[in-house]
Structures are given as C-alpha cells and as structure tokens.
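To start, the structure itself, in structure tokens.
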Amino acid sequence: MRLEGEAWQEFFHSFQREAFRLETLPGYTVPEEEDELRQFLAGVTRPPAELHTDTYLIKVREHVEAGRRMRRVHTLTSPLNDHLRFQFEWGYAFSAAAGEEVHILDFATTPDPGLPQQDFWLFDDEHVVLMHYAADGTQTGRELLQDTDPAPYVRYKDLALEHAVPFPEYYKAAPLDP
C-alpha cells in the first residue's frame, strides 16, 4: 500500500513507542531543500531559531516529550560528500538537538553487518514502510508492507544500532571540510 501526502503524515505520527529509520543513500534530492543546500555550500550557517520553527523538528520534540523514541541510522562511506556534510550540519545536528537519536554507520571503518540497501521506516517494531528512490536520490514513493513479518526489519534495526556510532560522537571526529 502506497502512503502519500496526508495519509503518510497521519501514519507517520501515529506510532506509540518508536519510529526507526535506516538511510542508505549517499545523498537525497529534495526539491524543498535546494535553496538550503545552496546556502550551505555558500558557507551560510543554519539559523538556530529554526530549531523552534521547523515543522519536522517540532514534531520530533513533541514525540520525544510524549515518551516516544525517534531513532535513525545513516549508513555511509567516508569521506563525506557535499550532501552528507549538508545533512550533518543542517539536518542531523538540529534533529539531535530536538531529541532524535541519530547514529552513523561508516563502512570505511566498520564492516557492513549485513544490512539491506533499502531505506525503510520501522514503527513500533510492527509496521514497515519501504522508501523508494530514483538513482539521483529523488523519492519516488513509500510502501507500507502489509501482511509482512517485521522480524527481519527489527533485526536490521538492531544490527544497525549495534554497529553505528551516535551522531554527536561521529560528528566530532568527522572530516567535514571538503
């Protein structure tokens, strides 16, 4: 079942205990972020006030304050490309400050523990949503897997978290300069 627009928003925010995301791409093409990416590449620093005005960050805070966990692992191979540096400085730093538990699994220093090459969300260890992308990182859809055993995805989550480094720790040592 495809999840788009309002249906996706409602589904996404209906989890009760935990939302987990596995990200596997070296970059994502998001038209709404093009201007921010240009600013980042020009050396602009993201305004700290956006921590309180960005709708995603507000929702992260609301979920965390209600006792629901939001966690993600981004797999990558350093050195970091421009998009990953942007994601770190304009994305993850703010998500982590809002309460999302962000982790990095760098295959340059840690062998792949057997994770899929497929982005997904796992909600409450019960519901799996596959994230589909074109070759350039443009999202092409979200697919709620129905009548699918979530156990393999729970194992992927556990493996990813076991081998990943918390973002703040990785960020301190990451080679962010181009």
Side-chain angles (χ1 to χ4, degrees), residues 3 8-9 11-13 15 18-65 68-110 115 117-123 129-142 156-157 160-161 163-178:
L3 289 172
W8 166 243
Q9 291 301 315
F11 184 84
F12 182 90
H13 295 296
F15 72 94
E18 178 185 43
F20 171 80
R21 169 76 189 263
L22 179 68
E23 294 179 306
T24 64
L25 299 180
Y28 296 86
T29 301
V30 181
E32 298 82 13
E33 292 179 351
E34 285 180 10
D35 186 53
E36 291 176 342
L37 178 58
R38 275 193 294 278
Q39 290 179 50
F40 168 77
L41 293 173
V44 175
T45 301
R46 185 173 186 189
E50 288 187 16
L51 183 59
H52 304 290
T53 59
D54 181 286
T55 55
Y56 178 75
L57 299 176
I58 291 168
K59 285 305 224 178
V60 168
R61 272 197 314 282
E62 289 173 357
H63 287 304
V64 171
E65 288 169 2
R68 295 183 294 267
R69 280 180 112 169
M70 293 191 71
R71 300 195 289 177
R72 79 174 59 224
V73 172
H74 193 143
T75 64
L76 56 87
T77 302
S78 57
L80 303 178
N81 62 32
D82 285 344
H83 188 275
L84 286 171
R85 291 186 311 104
F86 166 70
Q87 190 68 39
F88 275 35
E89 295 186 24
W90 279 56
Y92 296 154
F94 282 75
S95 293
E100 184 172 4
E101 299 169 49
V102 180
H103 299 78
I104 305 299
L105 178 51
D106 189 340
F107 294 143
T109 58
T110 304
L115 298 174
Q117 291 298 306
Q118 169 75 56
D119 283 34
F120 68 86
W121 279 98
L122 176 64
F123 297 96
V129 176
L130 298 182
M131 307 297 287
H132 299 291
Y133 295 91
D136 71 350
T138 301
Q139 187 179 91
T140 59
R142 299 174 200 92
Y156 294 143
K157 174 190 82 168
L161 289 167
H163 293 278
V165 175
F167 171 72
E169 182 182 326
Y170 186 89
Y171 185 63
K172 287 179 191 172
L176 296 177
D177 294 326

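Count residues from 1 along the sequence. Values below: all heavy atoms of this structure, side chains included; hydrogens, waters and symmetry mates excluded.
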inquiry  = Just to verify, what does E101 make a side-chain hydrogen bond (donor to acceptor under 3.5 Å, both in side chains) with, not counting sequence neighbours?
reply    =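 R69.
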inquiry  = I'd like to check the side-chain hydrogen bond (donor to acceptor under 3.5 Å, both in side chains) partners of Q39; sequence neighbours left out, ordered by chain and number.
reply    =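 side-chain hydrogen bond (donor to acceptor under 3.5 Å, both in side chains) check on Q39 returns D35.
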F94-Y56 aromatic ring centre distance below 6.0 Å =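 They do not qualify: ring centres at least 6.0 Å apart.
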key: Pair H163 + H103: ring centers closer than 6.0 Å   =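 No, they do not, as the ring centres are separated by 6.0 Å or more.
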ask   = Is there any salt bridge (charged side-chain N to carboxylate O under 4.0 Å, His left out) pair reaching into residues 132-142, and which pairs are they, with sequence neighbours excluded?
value =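 Listed by first then second residue: E4-R142.
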Return yes if some donor-acceptor pair links the side-chain N/O of [X] with the main-chain N/O of [Y] below 3.5 Å, else return no.
X    : Y   : result
D106 : S78 : yes
N81  : P26 : yes
T75  : E23 : yes
H74  : L25 : yes

Within a strict 4.5 Å, meaning less than it, do heavy atoms of the [X] and [Y] side chains meet?
X   : Y    : result
H13 : E62  : no
R85 : F40  : yes
Y92 : R72  : yes
W8  : V129 : yes
W90 : L37  : no

ask   = Under 30°, 30 to 60°, or over 60°: which ring-plane class applies to F88 and Y170, parallel, tilted or perpendicular?
value =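 Taking Y170 first and then F88, their aromatic rings stand perpendicular (interplane angle over 60°).
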ask   = Should the ring pair Y133 and Y28 be called parallel, tilted or perpendicular, given that the plane angle runs from 0 to 90° and is split at 30 and 60?
value =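 Answer is perpendicular, since the angle exceeds 60°.
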query = Could you give the distance from NE2 (H83) to CG (L41), rounded to the nearest 0.5 Å?
reply =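 Separation between the atoms: 9.5 Å.
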message = Nearest 0.5 angstrom please: I104 CD1 to T110 OG1, how far?
response =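 Nearest 0.5 Å value for the CD1-OG1 distance: 11.5 Å.
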